[in-house]
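Can you keep this structure in mind? I'll have questions shortly.
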Amino acid sequence: MRVLHQIHARLLTHAMPISSISFGLCKIIGFCALSTYGDIDYARKLFSQIQSPNIFSWNSMIRGCSQSQTPSKEPVILFRKMVRRGYPNPNTFTMAFVLKACSIVSALEEGQQVHASVLKSGFGSSPFVETALVNFYAKCEDIVRASKVFDEITDRNLVAWSTMISGYARIGLVNEALGLFRDMQKAGVVPDEVTMVSVISACAASGALDTGKWVHAYINKQLIETDLELSTALVNMYAKCGCIERAKEVFDAMPVKDTKAWSSMIVGLAIHGLAEDALEEFFRMEEAKVKPNHVTFIGVLSACAHSGLVSEGRRYWSSMLEFGIVPSMELYGCMVDLLCRASLVEDAYTLVETMPISPNPVIWRTLLVGCKKNKNLDKSEIVAQRLLELEPHNAENYILLSNLYASMSQWEKMSQVRKKMKDMGIKAVPGCSSIEVDGLVHEFVMGDWSHPEAMDIREILRDISKRVHAVGHQPGISDVLHNVVDEEKENALCEHSERLAIAYGLLKTKTPKAIRIVKNLRVCGDCHEVTKIISAEYRREIIVRDRVRFHKFVNGSCSCRDFW
DNA sequence: TTAGGGTTAG
């Protein structure tokens, strides 16, 4: 920047034509607006001093503003200003930069307006603009439009394919992401490490371990460079697919590890309930002089929470403050969870009350789960009130409260909650579990009969019921929402999505292959017990990734040691 | 001067 300041001073002090000064200033703006070495504020100042900036400096400003630490709609405002002035005319660079800016802040409406100008201006055939459009719609999670733009591209290059695959992967459409990856190969386009990051991330999101392993083997076979980003994606994939040993192998082999790589490993160990290993890695990270960020501490604190390490958790909270990390909502969430799991609901409540930021619904919901666990009726009603004020239309809250009353046999109050839910037309979010078989992810929702092999699945479920009863299991019926007769409650439990997915796993795979399930909600207490029994009765390892963590069921017990 | 990538509370 010092050199640029000197050049700027020379431009102003030496006699030369106005047009040359202006041209020079535009060049300086271009350099200043670059995020790596630049100074966007200085660029802004210079930009405001030129009467008629050229297209290069407008483009530099639009791009520079979008790379700011605190992204805003400023690039869109600049673009509109330029169009209003009528000079200079935007070019393909302008369109690509402004679309990128819209994708960063998910400005769907503004981006659509840019899309309209792209069509009018005829820049739609530029590969850079086409890809920027796909990326923009994908980042705004409008995957239908992203896919439409992608389909209309006549000559799809590597970047276009990768962008679309990444779009599917980001929203968890794993079969679509993998299907497109296969189409890309059929089209003769050779993937690179950026493509593979998205493919691996899709496997991670869906818990598709077999596909993930296949893709990893493909990366090695094709000699695709496993750079920092791809290695981190692999660590994350193995961890999220329940294969923490492989995650550790990939991580240990990494020659360079940055904050995200360490955080990925620590979070991975935490969700596997391996608190000691997670804390050991954190210690090594400090030794390696890599600075932790708030995500690293999310891993550290959740590791403590899942293992009941309260005093350690408190200590790490203090050290986090010493690192200068300002506690985010997520970090408060971790701490509230840590205290609640350790039955310190009052402490958790005090922490929430003293938070400098206004607690969000997740915080209140975590507290409510803590109240349910500790059967703290008084606090739970205060907490529920705050939660419902903030989120009156979220079915999950009513179900949680209803289950809380059910667990305390407060049937009248439970009915009131159910009635309120019905009156407001709020429907429960169904539990959904998935299992990967032969490279395809099969999804099941609670009470699902839509699968082509539904009849065979029911037969397995009946066999499970018989065996579970034979070992004397009593269904934990308070986990069921409905206040109906016990037999019906039991039937409802048998239809939980994870049981359908486990039954499908038993139907389609053989010992010693582990059954791996991914569930969108937390596993209920009864399913947890039944899965333990299944693991012993059928001599199968069953690994369930629920919304919070992993459960590894082997020979009648679970890796979470019933603490989850 | 242009487009695609990795960690995140319940």
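All values derive from a computational prediction rather than experimental measurement. So that the names make sense, note that chain A is the first sequence line, chain B the second, and so on, each numbered from 1.
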- Task: Classify the ring geometry between A:His551 and A:His528 as parallel (under 30°), tilted (30 to 60°) or perpendicular (over 60°).
- Result: perpendicular
- Minimum-distance nucleotide (side-chain atoms of A:Val194 versus B:dG10, B:dT7, B:dG4):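 For the A:Val194 side chain, the nearest candidate turns out to be B:dG4.
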- Message: Measuring from the side chain of A:Ile363 (C-beta onward, heavy atoms only), which nucleotide among B:dG10, B:dA9, B:dG4 has the closest atom?
- Response: B:dA9
- Residue A:Ser198, side-chain heavy atoms: nucleotide from B:dG5, B:dG10, B:dG4 that is nearest: B:dG5
Check residues 143-152 of chain A and write down every donor-acceptor pair under 3.5 Å in which the side-chain atom is one partner and the other belongs to a residue at least two apart or another chain.
unit_1, atom_1, unit_2, atom_2, d
A:Arg145, NH1, A:Asp142, OD2, 2.6
A:Lys148, NZ, A:Glu152, OE2, 3.3

- Query: Among B:dG6, B:dG10, B:dA3, which nucleotide sits nearest the side chain of A:Pro127?
  - Reply: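 Among the listed nucleotides, the one closest to the side chain of A:Pro127 is B:dA3.
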- Message: I need the residues from residues 251-261 of chain A with at least one non-hydrogen atom less than 4.0 Å from DNA chain B; give them sorted by number, or say none.
- Response: A:Asp258, A:Lys260, A:Ala261
- Task: Could you check whether A:Asn236 gets within reach of a base, just the sugar-phosphate, or nothing at all, counting any heavy atom under 4.0 Å?
- Result: sugar-phosphate
- Query: Which nucleotide in the set B:dT8, B:dG6, B:dG5 lies at the smallest distance from any side-chain heavy atom of A:Ile298?
  - Reply: B:dT8
- Query: Quick one: which of B:dG4, B:dT7, B:dG6 gets closest to the side chain of A:Leu158?
  - Reply: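 Nearest nucleotide to the side chain: B:dG4.
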- Reckon A:Val362 touches a base, only the sugar-phosphate, or nothing at all at heavy-atom distances under 4.0 Å? base
- Message: Any N or O donor-acceptor pair under 3.5 Å from the base of B:dG10 to the side chain of A:Thr366?
- Response: no
- Message: Over all strands shown, is A:Leu301 touching base, sugar-phosphate only, or nothing at heavy-atom distances under 4.0 angstrom?
- Response: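 Touches nothing.
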- Give a yes/no on whether any side-chain N or O of A:Asn135 is located under 4.0 angstrom from OP1 or OP2 of B:dG4. yes
- Query: Can you find a donor-acceptor pair, distance only, under 3.5 Å between A:Thr232 side chain and B:dG6 base?
  - Reply: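 In this structure, the two groups form a donor-acceptor pair.
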- Message: I'd like to know if A:Arg522 pairs up with A:Glu396 as an ion pair, taking the criterion as any Lys NZ or Arg NE/NH1/NH2 lying under 4.0 Å from an Asp or Glu carboxylate oxygen.
- Response: no
- Task: Whole angstrom is fine here: how far is it from CD in A:Glu229 over to C1' in B:dG6?
- Result: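 The answer, rounded to whole Å, is 6 Å.
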- Item | A:His294 NE2 to A:Ser328 OG distance, which is reported to the nearest 0.5 Å |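 Interatomic distance, A:His294 NE2 to A:Ser328 OG, rounded to 0.5 Å: 4.5 Å.
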- Query: Contact class for A:Leu133 (heavy atom, under 4.0 Å): base, sugar-phosphate, or nothing?
  - Reply: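 Since no nucleic acid heavy atom lies under 4.0 Å of A:Leu133, the category is nothing.
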- Ignoring hydrogens and angles, answer whether the base of B:dG4 and the side-chain atoms of A:Thr195 contain a donor-acceptor pair closer than 3.5 Å.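 Per atom types, the contact qualifies.
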- Message: To the nearest 0.5 Å, what is the distance between CZ on A:Phe550 and CD1 on A:Ile244?
- Response: 8.0 Å
- Message: Does B:dG10 have OP1 or OP2 under 4.0 Å away from a side-chain N or O of A:His306?
- Response: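 Answer yes for this pair, as a side-chain N or O of A:His306 is under 4.0 Å from OP1 or OP2.
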- Message: Checking contacts here: which listed nucleotide (B:dG10, B:dA9, B:dT7) is nearest the side-chain heavy atoms of A:Ser264?
- Response: B:dT7
- Item | A:Arg341 side-chain proximity, nearest of B:dA9, B:dT2, B:dG10 |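 Out of B:dA9, B:dT2, B:dG10, the nucleotide with an atom closest to A:Arg341's side chain is B:dG10.
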- Within the structure shown, what part of the strands sits under 4.0 Å from A:Glu130 by heavy-atom distance: base, sugar-phosphate, or nothing?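 If one applies the 4.0 Å heavy-atom cut-off, A:Glu130 turns out to touch nothing in the nucleic acid.
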- Item | Under-4.0 Å side-chain N/O to phosphate OP1/OP2 contact, A:Lys100 with B:dT1 |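 So the side-chain polar atoms of A:Lys100 never come under 4.0 Å of the phosphate oxygens OP1 or OP2 of B:dT1.
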Please table the atom pairs, donor to acceptor, closer than 3.5 Å between any side-chain atom in residues 382-393 of chain A and protein atoms at least two apart or in another chain.
unit_1, atom_1, unit_2, atom_2, d
A:Glu391, OE1, A:Arg365, NH1, 2.8
A:Glu391, OE1, A:Asn394, ND2, 2.9
A:Glu391, OE1, A:Asn397, ND2, 2.9

- Item | Proximity to the side chain of A:Asp192 - top-ranked nucleotide from B:dG10, B:dG4, B:dT2 | B:dG4
- Query: Does any donor atom in the side chain of A:Asn293 or A:Thr296 lie under 3.5 Å from an acceptor atom in the other side chain?
  - Reply: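 A pair is found: one side chain offers a donor N or O, the other an acceptor, under 3.5 Å apart.
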- Quick one: does A:Asp227 reach the base of B:dG5 with a side-chain donor-acceptor pair under 3.5 Å?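 Answer is yes: a donor-acceptor pair is held.
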- Residue-phosphate contact under 4.0 Å: A:Lys139 side-chain N/O, B:dG5 OP1/OP2: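 It does, given that an N or O in the side chain of A:Lys139 lies less than 4.0 Å from OP1 or OP2 of B:dG5.
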- Winner on side-chain proximity to A:Asp337, out of B:dT8, B:dA3, B:dG10, is B:dG10
- Query: Reckon A:Arg63 has a side-chain N or O less than 4.0 Å from the OP1 or OP2 of B:dT2?
  - Reply: yes
- Message: Classify A:Asn360 by what it touches in the nucleic acid, base, sugar-phosphate, or nothing, heavy-atom distance under 4.0 Å.
- Response: base
- Message: Students often get this wrong, so: under 4.0 angstrom with heavy atoms, is A:Thr131 touching a base, only sugar-phosphate, or nothing?
- Response: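 Base contact.
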- Task: Could you tell me whether a side-chain N or O of A:Lys373 sits under 3.5 Å from a main-chain N or O of A:Arg341, the two making a donor and an acceptor?
- Result: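 Between the backbone of A:Arg341 and the side chain of A:Lys373 there is a qualifying donor-acceptor contact (under 3.5 Å).
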- Task: Scan A:Met164 against the nucleic acid and name what it touches under 4.0 Å (heavy atoms): base, sugar-phosphate only, or nothing.
- Result: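 No contact.
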- Locate the shortest heavy-atom distance separating A:Leu338 from A:Cys304; write the atom from each residue and the value.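 What the structure gives for the nearest pair is CD1-CB, 3.4 Å.
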